[in-house]
Amino acid sequence: MASSDKVVETVMVGNYVEMETEGRPRDIKSQVSKLFWHGGSAYDAWFSCASNQVAQVLLTLPYSFSQLGMLSGVLFQLFYGIMGSWTAYLICILYLEYRTRKEREKVDFRNHVIQWFEVLDGLLGKHWRNVGLAFNCTFLLFGSVIQLIACASNIYYINDNLDKRTWTYIFGACCATTVFIPSFHNYRIWSFLGLLMTTYTAWYLTIASLLHGQVEGVRHSGPNKLVLYFTGATNILYTFGGHAVTVEIMHAMWKPQKFKAIYLIATVYVLTLTLPSASAVYWAFGDLLLNHSNAFALLPRSPFRDMAVILMLIHQFITFGFACTPLYFVWEKAIGMHECKSLCKRAAARLPVVVPIWFLAIIFPFFGPINSTVGSLLVSFTVYIIPALAHMFTFRSPAARENAVEQPPKYFGRWVGAYIINIFVVIWVLVVGFGFGGWASMTNFIHQIDTFGLFTKCYQCPPQLPPHLANATAPLPPPTANITRIHDGHR
């Protein structure tokens with residue numbers, strides 16, 4: 001068995017060393033390109049995971065704390081952080097198993113990016129592939145929608161001359177430029193900068209809230225409604241379910257075997273950002289957050305807040321690319337363009353993927369509630385239930401367990417321990433995440449539609465004073481005109 005593992009490792013490492021040797025820079029231009037553009041190390045993977053895991057959700061976690069209460073908010077973050085790291089580990093193991101089997105058959109992946117649905121297909125068959133493809137693509141589609149909604153929500157706090165719907169049009173066009181980024185190899189500098197941006201924003205939220213102090217008459221009544229409680233819990237489930245792009249990030253590594261602990265380390269770092277920021281904002285503003293899903297809405301405007309908004313806008317552009325790039329790959333494979341050498345042709349072929357994302361962001365601009373809905377209905381299956389079930393079914397036979405490329409660690413109880421953890425994950429997420437979470441998040445989501453309507457111009461915007469009220473010398477129009485214009489501004 002030991003010799004077999006050694007052969008497997010030699011095959012995999014050999015392939016990647018060979019690729020790395022072929023890509024060695026020969027001039028200054030190549031060296032600069034490699035430094036900023038072409039990454040494949042374990043550090044690149046860590047930056048990608050940490051940067052992708054916490055994006056706009058950093059701004060909605062205080063909203064979740066107002067629904068859950070302080071204690072439950074902290075405990076759910078720790079619990080789902082551990083659970084997310086476990087299922088990311090399972091995805092890593094299944095990728096290594098699939099890739100090793102294929103490389104034994106002399107399959108070459110140099111011009112092909114392996115994706116999660118292909119791993120399921122190779123290990124468990126077409127039915128698993130179809131289910132995995134449906135959930136993964138739908139989740140990534142709405143993940144991209146959420147980033148676009150967040151862009152419009154954030155920029156409004158710097159410039160409210162345009163409503164959020166108009167900002168969505170503008171940022172949809174900006175985010176469409178991600179079609180020119182070939183693969184996750186090319187996110188090296190973006191991932192690094194993205195993590196710096198979220199780090200600044202998290203500590204800005206923490207320090208600004210502590211300096212601001214508690215608002216007069218602050219109340220911390222959560223949790224007081226089951227609907228809000230499970231809505232908040234599923235937003236945290238969504239927060240630590242950002243490993244739908246794990247396979248693509250692993251495939252971009254020179255040595256994907258090193259990925260096994262990377263997601264856990266990234267999660268630990270992310271917790272140092274999310275726990276202080278969410279706790280501090282909730283401590284300062286309490287129940288006011290129930291009607292303000294974006295934490296920026298309650299903090300007073302300052303150069304530091306404007307900087308945080310701008311950095312989050314740039315980061316959301318990066319995260320949009322992270323969520324959309326796997327969709328680009330799926331689309332390229334569907335139309336036969338995946339192995340095309342021309343970047344411009346591939347970029348043009350990818351553009352149709354952006355259109356439905358743009359459209360959905362305009363229909364459902366509900367920043368905050370949409371996170372919980374996506375978390376309960378899509379994240380629960382995509383990155384928790386399906387990986388746990390796939391791991392159990394892949395290694396259900398004694399022969400499969402004996403010949404596995406990676407054996408479960410001793411401190412998890414080997415195979416018995418792994419199966420017990422997997423069964424717990426499936427039952428918990430199915431009942432609490434999908435069941436109660438689905439009920440609560442859909443109830444809240446429908447309430448947002450009933451309150452604001454679809455295609456709302458400016459979700460949760462304060463009513464704008466009409467120009468004639470801003471100018472005290474102007475004559476007042478009839479009362480009905482006032483009501484109409486205020487109502488339109490609110491909507």
Side-chain angles (χ1 to χ4, degrees), residues 12 15-16 19 40 44-45 48-49 52-53 87-103 105 107-144 178-179 181-187 241-254 256-257 259 262-263 319-340 346 349-350 352-354 357 378-379 381-391 393-394 405:
M12 295 189 68
N15 250 358
Y16 275 80
M19 289 172 65
D44 292 308
S48 294
C49 288
N52 181 55
Q53 189 171 343
T87 53
Y89 167 76
L90 298 181
I91 294 172
C92 171
I93 296 306
L94 293 171
Y95 169 86
L96 293 175
E97 185 73 27
Y98 168 77
R99 177 149 191 170
T100 302
R101 292 183 187 182
K102 289 298 180 181
E103 288 189 343
E105 300 169 6
V107 177
D108 189 352
F109 292 109
R110 296 189 195 195
N111 295 315
H112 183 94
V113 177
I114 298 174
Q115 295 189 263
W116 175 233
F117 71 92
E118 293 170 320
V119 172
L120 292 175
D121 187 20
L123 297 177
L124 295 168
K126 65 178 183 179
H127 296 301
W128 282 81
R129 175 200 66 197
N130 294 340
V131 171
L133 180 63
F135 273 105
N136 210 41
C137 287
T138 309
F139 167 46
L140 292 172
L141 179 77
F142 277 96
S144 304
T178 57
V179 298
I181 302 177
S183 74
F184 283 94
H185 275 298
N186 312 111
Y187 275 95
H243 43 290
V245 295
T246 297
V247 171
E248 289 83 359
I249 292 174
M250 284 185 66
H251 191 80
M253 295 177 67
W254 301 126
Q257 305 96 316
F259 186 85
I262 285 175
Y263 193 86
T319 312
F320 181 94
F322 268 109
C324 227
T325 298
L327 296 176
Y328 295 152
F329 293 154
V330 172
W331 179 248
E332 287 172 356
K333 291 171 185 176
I335 62 175
M337 290 288 290
H338 186 57
E339 297 184 8
C340 176
R346 288 180 66 188
R350 291 172 168 189
V353 176
V354 181
I357 295 170
L378 298 173
V379 174
F381 283 93
T382 304
V383 295
Y384 292 101
I385 295 174
I386 293 176
L389 288 175
H391 187 265
F393 277 87
T394 298
V405 173

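Along the sequence shown, residues carry numbers from 1.
Residue Phe322 holds its CZ atom at 8.0 Å from SG of Cys49, rounded to the nearest 0.5 Å. Between atom CD1 of residue Ile93 and atom CZ of residue Phe259 there is a gap of 11.0 Å, rounded to the nearest 0.5 Å. In this structure, CD1 in Ile181 is found 7.5 Å from CG in Asn186, a value given to the nearest 0.5 Å. Between Leu140 atom CG and Glu248 atom CD the span is 7.5 Å, to the nearest 0.5 Å.
Scored by the side chain to side chain contact (heavy atoms under 4.5 Å, CB included) test, Lys126 finds Asp121, Arg129 as partners (sequence neighbours excluded). In this structure Leu124 satisfies the side chain to side chain contact (heavy atoms under 4.5 Å, CB included) test together with Leu120, Trp128, Ala390, Phe393, Thr394, Arg396, sequence neighbours excluded. With sequence neighbours excluded, no residue forms a side-chain hydrogen bond (donor to acceptor under 3.5 Å, both in side chains) with Ser144. For Thr87, the side-chain hydrogen bond (donor to acceptor under 3.5 Å, both in side chains) partners are His243, not counting sequence neighbours. Considering only residues two or more places apart in sequence or on other chains, Tyr328 meets the side-chain hydrogen bond (donor to acceptor under 3.5 Å, both in side chains) condition with Thr178. For Val131, the side chain to side chain contact (heavy atoms under 4.5 Å, CB included) criterion is met by Phe135, Ile386, not counting sequence neighbours. The side-chain hydrogen bond (donor to acceptor under 3.5 Å, both in side chains) check on Thr325 picks up Tyr187, with sequence neighbours excluded.
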Q: Start with the C-alpha gap between Ile91 and Met250, add the side-chain angles, then the distance that decides, and say whether side-chain contact (heavy atoms from CB on, under 4.5 Å) holds.
A: CA-CA 10 Å; Ile91 294 172; Met250 284 185 66; 5.5 Å; no
Q: Take Asp44 and Met253 through the test side-chain contact (heavy atoms from CB on, under 4.5 Å) and record every step on the way to the result.
A: CA-CA 8 Å; Asp44 292 308; Met253 295 177 67; over 6 Å; no
(Q) Set out, in order, the CA-CA distance, both residues' side-chain angles and the distance that settles side-chain contact (heavy atoms from CB on, under 4.5 Å) for Leu327 and Cys137, then state yes or no. (A) CA-CA 6 Å; Leu327 296 176; Cys137 287; 3.9 Å; yes
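When each of Phe117, Phe381, Trp116 is checked for a side chain to side chain contact (heavy atoms under 4.5 Å, CB included) with Asn136, only Trp116 meets the rule.
For Leu94 against Leu123, the heavy-atom pair with the smallest separation is O-CD1, 3.6 Å. Taking every heavy atom of both residues into account, Gly241 and Val379 meet most closely at CA-CG1, 3.9 Å. Here the closest non-hydrogen pair linking Leu90 and Ala388 is CD1-CA, 3.7 Å. Nearest heavy-atom pair across Thr246 and Ala88 is CG2-O, 4.3 Å. Here the shortest heavy-atom pairing between Ala349 and Trp331 reads O-NE1, 2.7 Å. The nearest pair of heavy atoms linking Pro182 to Phe329 is O-CE2, 3.4 Å.
Applying the salt bridge (charged side-chain N to carboxylate O under 4.0 Å, His left out) test to every pair with at least one member in residues 323-338, sequence neighbours left out, gives these pairs: Glu118-Lys333, Glu332-Arg346, Glu332-Arg350.
For His251 (side chain) and Phe184 (main-chain N/O), no donor-acceptor pair under 3.5 Å exists by modelled atom type.
Taking a cutoff of 4.0 Å between a charged side-chain nitrogen and a carboxylate oxygen, Arg101 and Glu97 qualify as a salt bridge.
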